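What follows is a set of notes on a single structure, which appears directly below.
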There are 2 protein chains.
Amino acid sequence: MRDTGMGAGLGGESLLFLTDEQLRQGIEAMFFAYRGFTADPDRILTDLEYGRAHHRAVHFINRAPGTTVNNLLNILGVTKQSLNRVLRTLIADGLVESRIGHSDKRERHLYLTDEGRALEQKLSDAQRARMRTAFREAGPDAVGGFRRVLEAMMDPEMRRAYARLKEQGA
Amino acid sequence: MRDTGMGAGLGGESLLFLTDEQLRQGIEAMFFAYRGFTADPDRILTDLEYGRAHHRAVHFINRAPGTTVNNLLNILGVTKQSLNRVLRTLIADGLVESRIGHSDKRERHLYLTDEGRALEQKLSDAQRARMRTAFREAGPDAVGGFRRVLEAMMDPEMRRAYARLKEQGA
DNA sequence: AGCTTACGTCAGTGTTGTTGACATTCCAAT
DNA sequence: ATTGGAATGTCAACAACACTGACGTAAGCT
């Protein structure tokens, strides 16, 4: 087994949790857990001819109603063309409403329709159910650690977006 | 704000960490963190004309040298056609070697070549670096919680695969 | 001999992402 | 008032990565 060479001679703190093997287990845990994380919504979506991209759009529009396309673009980290394709179908299907901005008429503000909210509800119910089970199994302390590690893993820009959404939801 | 209706009257334990808002923050944390998780390898891969699928294959072949195609299929959770496309390019490019099984000649055992190991090293160095920073920022207790929640989030089948890899690496 | 398993491949399709190019609309500055 | 830039939208082409379905080959099992 290889080692980073940083595990020895660092005083009382063993830092055993930073060995390459521990890090690799963390990487694999992320990989397998993300599969579970998306599995339930994915099943619902394939029945509805939608994909994960539609879920993400619906999720964040619900989370921040009236958000602009540009704002959504930054949160989702995709190109406007990619997002536009998804939004177009959602608007055409009557799940999302796009209203021209009042102060800046170039901007489009996005809202879920009743039907859109119904889908969001259905998807997030499924996803929250899994998250709830996992949180309950692991316990409150583990949940705190989970959140701290994930936050530290984000790119700074995403960490800011995440913090903004957190404030908004509280 | 909606509520699950499970937050009240449960005695001393408040279960505040299981509110819909907390769960939604967990969901968003997973989304943003996974982006960071894959960002560094993705950057390396695009330069090399490879994708995330190649990374996953190389990772697990390195992790379990001599693994069969079928075993890899189960771990990655994709179709054989999808995996085969990736394996074909990796073998053609001399990163992976496919050896016919000794006892069962139908099976192909997969190994990384020196060149394959070099790529795996490069990719996992980048990914481990981010994981290491995140782990160090969050601290050992948080890392334990992180791992417990992720494990609880996996599908049972993936939890078994994860456990098998853990034993193997120890 | 017949069935199953493991693997590979061909063909077609769908989702999601990417560039690049171009039009429109609007705000803001000269 | 015109010019420049930002925000949005659209079209086209393309690539990665997943899927299904069908077919073939070789090997193993009963």
Side-chain angles (χ1 to χ4, degrees), chain A residues 31 34-35 38-39 41-61 66-93 96-110 123, chain B residues 31 34-35 38-39 41-61 66-93 96-111:
Chain A
F31 172 69
Y34 199 78
R35 287 254 295 282
T38 56
D42 280 356
R43 265 189 291 273
I44 296 170
L45 287 159
T46 47
D47 294 346
L48 299 174
E49 309 261 283
Y50 287 133
R52 220 175 269 181
H54 300 86
H55 181 193
R56 291 197 283 260
V58 163
H59 174 96
F60 285 109
I61 293 172
T67 186
T68 63
V69 172
N70 227 7
N71 183 30
L72 201 50
L73 234 44
N74 291 328
I75 287 176
L76 295 176
V78 298
T79 59
K80 60 177 179 173
Q81 294 92 329
S82 204
L83 175 58
N84 190 256
R85 194 186 326 120
V86 169
L87 282 180
R88 212 182 323 165
T89 68
L90 289 173
I91 291 168
D93 294 352
V96 168
E97 197 190 343
S98 169
R99 296 186 207 152
I100 294 176
H102 42 296
S103 62
D104 186 338
K105 291 174 190 165
R106 290 168 303 179
E107 294 180 343
R108 302 300 138 96
H109 298 276
L110 303 168
L123 292 170
Chain B
F31 172 69
Y34 198 77
R35 287 254 295 282
T38 56
D42 280 356
R43 265 189 291 273
I44 296 170
L45 287 159
T46 48
D47 294 345
L48 299 175
E49 309 261 285
Y50 287 134
R52 218 175 270 181
H54 299 86
H55 181 191
R56 292 196 282 260
V58 164
H59 173 96
F60 286 109
I61 293 172
T67 185
T68 63
V69 173
N70 231 359
N71 183 29
L72 200 50
L73 235 43
N74 290 329
I75 287 176
L76 296 176
V78 297
T79 59
K80 62 173 181 174
Q81 293 94 328
S82 207
L83 175 59
N84 189 255
R85 193 188 333 118
V86 169
L87 280 181
R88 213 183 323 171
T89 68
L90 289 173
I91 291 168
D93 294 352
V96 167
E97 198 189 343
S98 169
R99 295 187 208 152
I100 294 177
H102 41 296
S103 63
D104 186 336
K105 290 176 190 167
R106 291 171 306 176
E107 295 179 342
R108 302 299 138 92
H109 297 275
L110 303 169
Y111 300 87

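Chain A is the first sequence line, chain B the second, and so forth, proteins listed ahead of strands; every chain is numbered from 1. What you are looking at is a predicted structure, and each value in this text was computed from that prediction instead of being measured.
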Bounded by its outermost nucleotides with an atom under 4.0 Å from a heavy atom of chain A, the footprint on DNA chain D reads D:dG5 to D:dC11
Between atom [atom1] in [X] and atom [atom2] in [N], what is the gap in whole Å?
| X | N | atom1 | atom2 | answer |
| --- | --- | --- | --- | --- |
| B:Tyr34 | C:dG17 | OH | P | 14 Å |
| B:Leu87 | C:dC7 | CG | C1' | 11 Å |
| B:Asp42 | C:dT18 | CG | P | 11 Å |
| B:Leu72 | C:dG8 | CG | P | 11 Å |
| B:Asn74 | C:dT5 | CG | C1' | 13 Å |
| A:Leu83 | C:dG17 | CG | C1' | 12 Å |
| A:Leu73 | C:dG17 | CG | P | 11 Å |
| B:Arg35 | C:dG17 | CZ | C1' | 12 Å |

Which nucleotides of nucleotides 23-30 of chain C have their base under 4.0 Å from a protein heavy atom (B), which only their sugar-phosphate (S), and which neither (-), written as one string 5' to 3'?
-> --BBS---
Just how far is it from atom [atom1] of [X] to atom [atom2] of [Y], taken to the nearest 0.5 Å?
| X | Y | atom1 | atom2 | value |
| --- | --- | --- | --- | --- |
| A:Leu87 | A:Ile91 | CG | CD1 | 5.5 Å |
| B:Leu72 | B:Arg56 | CG | CZ | 11.0 Å |
| A:His102 | A:His109 | NE2 | NE2 | 5.0 Å |

Compile the donor-acceptor pairs under 3.5 Å between side chains in residues 44-53 of chain B and protein atoms, sequence neighbours left out, one pair per line.
from    : atom 1 : to      : atom 2 : distance (Å)
B:Thr46 : OG1    : B:Asp42 : O      : 3.3
B:Thr46 : OG1    : B:Arg43 : O      : 2.9
B:Tyr50 : OH     : B:Asp93 : OD2    : 2.3
B:Arg52 : NE     : B:Asp42 : OD1    : 3.3
B:Arg52 : NE     : B:Asp42 : OD2    : 3.3
B:Arg52 : NH2    : B:Thr38 : OG1    : 3.4
B:Arg52 : NH2    : B:Asp42 : OD2    : 2.7

Assess the side chains of B:His54 and B:Thr89: does a donor N or O sit below 3.5 Å from an acceptor N or O?
-> yes
Expected list for residues 51-59 of chain B near DNA chain D, using heavy atoms below 4.0 Å, is B:Gly51, B:Arg52, B:Ala53, B:His54, B:Arg56
Could you tell me which residues satisfy side-chain contact (heavy atoms from CB on, under 4.5 Å) with B:Asn70, sequence neighbours excluded, listed by chain and number?
-> B:Thr68, B:Leu73
Check for a donor-acceptor pair, side chain of A:Arg35 on one end and backbone N or O of B:Leu76 on the other, with a separation under 3.5 Å.
-> yes
Looking only at side-chain N and O atoms, does B:Asn70 come under 4.0 Å of OP1 or OP2 in C:dT5?
-> no
N or O in side chain of A:Thr79 less than 4.0 angstrom from C:dT18 OP1/OP2 | yes
Produce the list of close N/O pairs, under 3.5 Å, pairing protein atoms with atoms of nucleotides 11-13 of chain C; give distances to one decimal.
none

Go through A:Phe31 and B:Phe60 one step at a time and tell me if the ring pair (Phe, Tyr, Trp, His ring centres under 6.0 Å) criterion holds.
-> CA-CA 11 Å; A:Phe31 172 69; B:Phe60 286 109; 5.5 Å; yes
CA sep, side-chain torsions, deciding dist, call: B:Glu107, B:Lys105, salt bridge (charged side-chain N to carboxylate O under 4.0 Å, His left out) = CA-CA 5 Å; B:Glu107 295 179 342; B:Lys105 290 176 190 167; over 6 Å; no
